[in-house]
Amino acid sequence: MDDLRIKGNWNQIKGKLKQNYANLTDDDLTYVEGKEDELLGKLQEKTGKSKDELKKEINKM
């Protein structure tokens with residue numbers, strides 16, 4: 001399993017995720033260093049994707 005790598009500017013990644021998933025809110029996308037699992041859990045609930053799928057998608061951005 002790949003680790004979640006927040007690379008570059010989180011605001012840019014957040015914007016791309018909001019474009020791809022209109023139902024995501026700023027609260028859903030609040031990133032706190034060390035709390036990646038909580039972020040992935042919120043995204044998983046909203047998108048219906050697995051954590052691995054979300055990690056791959058975020059790491060590609």
Side-chain angles (χ1 to χ4, degrees):
M1 171 175 14
D2 291 340
D3 288 332
L4 179 63
R5 292 184 304 272
I6 305 293
K7 47 186 172 177
N9 188 339
W10 175 242
N11 288 328
Q12 291 174 339
I13 294 171
K14 183 167 67 170
K16 289 178 184 180
L17 286 170
K18 285 174 77 174
Q19 285 176 351
N20 293 341
Y21 306 101
N23 61 334
L24 293 177
T25 65
D26 285 333
D27 286 340
D28 295 328
L29 295 169
T30 300
Y31 172 68
V32 177
E33 192 170 338
K35 303 275 185 168
E36 291 86 358
D37 282 338
E38 287 180 26
L39 171 66
L40 287 171
K42 287 181 187 179
L43 293 177
Q44 194 174 12
E45 286 178 21
K46 292 281 187 153
T47 64
K49 291 189 171 193
S50 72
K51 286 186 179 184
D52 286 338
E53 289 174 311
L54 290 167
K55 285 180 183 183
K56 287 178 186 175
E57 187 171 343
I58 291 170
N59 288 335
K60 286 181 184 178
M61 291 183 177

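We count residues from 1, following the sequence as given. All of these numbers come straight from a predicted model, not from anything done at the bench.
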In Å and rounded to the nearest 0.5 Å, what is the CG to CG distance from Leu54 to Leu40? 6.0 Å

To the nearest 0.5 angstrom, please state how far the NZ atom of Lys55 sits from the CD atom of Gln44. 10.0 Å

Please check if any side-chain donor atom of Thr30 sits under 3.5 Å from a side-chain acceptor atom of Asp27, or the reverse. no

Could you grab the distance from atom NZ of Lys46 to atom CG of Leu29, nearest 0.5 Å is fine? 9.5 Å

Could you measure the distance from the CD atom of Glu36 to the CD atom of Glu38? Nearest 0.5 Å is fine. 10.0 Å

Do Asn20 and Glu57 have side chains that approach each other closer than 4.5 Å (heavy atoms only, starting at C-beta)? yes

Are side-chain heavy atoms of Leu24 and Lys42 found at a separation under 4.5 Å? no

Distance, nearest 0.5 Å, that separates NZ of Lys60 from NZ of Lys16: 12.5 Å

Starting at OH of Tyr21, measure out to CG of Asp28 and round the result to the nearest 0.5 Å. 13.0 Å

Shortest non-hydrogen pair, Trp10 vs Leu17, comes out as CH2-CD1, 4.2 Å

